[in-house]
Amino acid sequence: MNRREFLLSSVAVGTLALAAPSAFAQDKLTILGSIPNLGFPFFVHMLNEIKAEAAAQGVNLIESDGQNSAPKQTADIEAALVQKVNAIVISPLDVNALAPAIEEAVKAGVPVVTIDRRVDGVEGILAHVGADNTKGGEAEAQAMVAAFPNGAKLFHLQGQPGAGPAIDRNKGVHNVLDPLKDKYQIIFEQTANFARAEALSVTEAGLAANGKPDAIICANDDMALGALEACAARNFTDVKIYGFDALPEALVAVRDGKLAGTVEQFPGEQSRTAVQIAVAYARDKTEPKEKLVLLTPIVIGKDNLDKAERLGETK
């Protein structure tokens, strides 16, 4: 049996149906909400917001955890098409690897709204809702520059290769720092794949090879917290570390002075807006006012913690 035959079998449909309500009301729309990996707190929050908005809109939701696997997320999309979902809201793990499955959905007449990670190579996607990650990376780098007006040596921990946000955040950081490279030197730059444990080991290697930097810019909060742990183990408590995502744990670290800042990209607002666009089109073909909705990220520090979307979740 080839992959397509498997996906069309009852076994494939069953694997996805485990995450869906046991029986859909006939008069309700059904949408697929797919995120890359529930192993990351950021995506747990995103899926929770998708669920909340689906409930508010009165539609059924099939939940999909890509489990950090493009083939798994692809299979979930194709199985959902077999179940004849009315719309798909998705944050793709890898924008290139997921493009064929998303194109298949578009060709099947199923409206697709992407969140956070934009797929540029597929025509006919209904809308994209995300943060302007390039501006977010720029803001993160600018915050570091402001903290070190006389210059600094820094580490840069990049996100997962192939992920749109990682690409754009990296671009934003370099947009700011490359013209200032004589004053702000990136002495260590490596991916840690958005993962805390990997960031810990990568930072340890960077510290062993290069010594203590003045600052560490990280493409997400999990990596920032891993870098923080590596620095704390060496008693490098004065290294300014910047994260991205404004996770509750990171907000606590900012409040307590352990992280210098984190970038808020409003994932809850992204998720709710994406569901609203998808449901409006599935119900009565209402076209979105904008095909590209980009929220402008801001850096959260001690002085503006009240601007953080998830501040209420901190302890």
Side-chain angles (χ1 to χ4, degrees), residues 16-17 19-21 24 28-38 40 42-68 70 72-95 97-120 122-131 133 163-165 265-295 309:
L16 187 56
F24 291 135
K28 275 191 173 185
L29 297 176
T30 299
I31 68 172
L32 171 70
S34 180
I35 50 86
N37 186 2
L38 284 177
F40 289 87
F42 176 83
F43 293 120
V44 173
H45 174 60
M46 182 170 278
L47 186 58
N48 284 340
E49 293 297 316
I50 290 172
K51 287 193 286 187
E53 188 60 34
Q57 294 287 328
V59 300
N60 293 309
L61 177 70
I62 298 175
E63 299 172 32
S64 160
D65 174 10
Q67 299 176 4
N68 215 40
K72 166 66 165 62
Q73 201 172 22
T74 294
D76 286 353
I77 293 170
E78 296 194 5
L81 294 179
V82 173
Q83 291 181 284
K84 300 188 182 302
V85 295
N86 302 104
I88 294 173
V89 173
I90 180 170
S91 175
L93 173 67
D94 185 306
V95 294
L98 269 295
I102 291 173
E103 185 173 24
E104 183 179 347
V106 171
K107 287 181 177 178
V110 178
V112 176
V113 180
T114 54
I115 318 173
D116 186 42
R117 302 175 176 199
R118 185 179 174 187
V119 181
D120 290 322
V122 177
E123 295 291 331
I125 292 175
L126 179 62
H128 172 74
V129 184
N133 281 290
Q265 61 162 314
F266 310 104
E269 186 177 347
Q270 290 182 47
S271 301
R272 294 189 298 273
T273 301
V275 172
Q276 290 163 10
I277 290 171
V279 171
Y281 187 86
R283 278 192 172 135
D284 54 23
K285 304 299 183 185
T286 300
E287 292 279 352
K289 293 179 180 178
E290 296 177 283
K291 293 285 188 180
L292 179 60
V293 181
L294 293 180
L295 309 180
E309 188 177 85

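All figures in this text were calculated on a predicted structure; none of them were measured in a lab.
With values rounded to the nearest 0.5 angstrom, I88 atom CD1 is found 11.5 Å from L126 atom CG. To the nearest 0.5 Å, atoms CD (E309) and CG (L295) are separated by 9.0 Å. D94 contributes atom CG, which lies 8.5 Å from atom CZ of R117 (distance to the nearest 0.5 angstrom). Annotation: the span from I277 atom CD1 to E290 atom CD amounts to 8.5 Å, rounded to 0.5 Å. From I35, atom CD1 reaches atom NE2 of H45 across 12.5 Å, with rounding to the nearest 0.5 Å. Taken from CZ in R272 to CD1 in I50, the straight-line distance is 11.5 Å, to the nearest 0.5 Å.
Proximity of L292 to H128: side-chain heavy atoms (C-beta onward) are separated by under 4.5 Å at one or more points. Residues I125 and V113 are not in side-chain contact: their nearest non-hydrogen atoms beyond the backbone lie 4.5 Å or more apart. Side chains of L32 and V89 form no contact here, defined as non-hydrogen atoms less than 4.5 Å apart.
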Task: V95 vs D120, side chain to side chain contact (heavy atoms under 4.5 Å, CB included): CA-CA, chis, key distance, verdict - done: CA-CA 8 Å; V95 294; D120 290 322; over 6 Å; no
- [ ] Would you please test I62 and V85 for side chain to side chain contact (heavy atoms under 4.5 Å, CB included) and show each step?
- [x] CA-CA 9 Å; I62 298 175; V85 295; 3.7 Å; yes
Task: Criterion side chain to side chain contact (heavy atoms under 4.5 Å, CB included) on I90 and I77, from CA distance to verdict - done: CA-CA 9 Å; I90 180 170; I77 293 170; 3.5 Å; yes
TODO: Please report the C-alpha distance between V106 and E123 in whole Å, then the side-chain angles of each, then the deciding distance to 0.1 Å, and finally whether the side chain to side chain contact (heavy atoms under 4.5 Å, CB included) criterion is met.
DONE: CA-CA 8 Å; V106 171; E123 295 291 331; over 6 Å; no
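A distance-only check finds no donor-acceptor pair linking the side chain of E49 to the backbone of Q270 [under 3.5 Å]. Under a 3.5 Å cut-off, the side chain of K72 and the backbone N or O of D65 do form a donor-acceptor pair. N37 contributes no side-chain N or O that, together with a main-chain N or O of Q67, makes up a donor-acceptor pair within less than 3.5 Å.
Annotation for P92 and I115: closest pair CD-O, 4.2 Å, computed over non-hydrogen atoms. Shortest non-hydrogen contact noted between V275 and A54 is CG1-N, 4.0 Å. The shortest heavy-atom contact between A70 and L98 is CB-CD2, 3.8 Å. Residues G33 and L61 share a closest heavy-atom pair of N-CD1, 3.5 Å. Scanning both residues, A282 and N86, for their nearest heavy atoms gives CB-O, 3.8 Å.
Contacts of S91 classified as side-chain hydrogen bond (donor to acceptor under 3.5 Å, both in side chains), with partners at least two apart in sequence or in another chain: none. Contacts of E53 classified as side-chain hydrogen bond (donor to acceptor under 3.5 Å, both in side chains), with partners at least two apart in sequence or in another chain: Q57, Q276. Applying the side-chain hydrogen bond (donor to acceptor under 3.5 Å, both in side chains) criterion to S271, with sequence neighbours excluded, gives no partner residue.
Shown here is K107, whose NZ atom has no more than 12 heavy atoms of other residues, nucleotides or ligands within 6.0 Å.
Between the side chains of Q73 and S64, not a single donor N or O lies within less than 3.5 Å of an accepting N or O.
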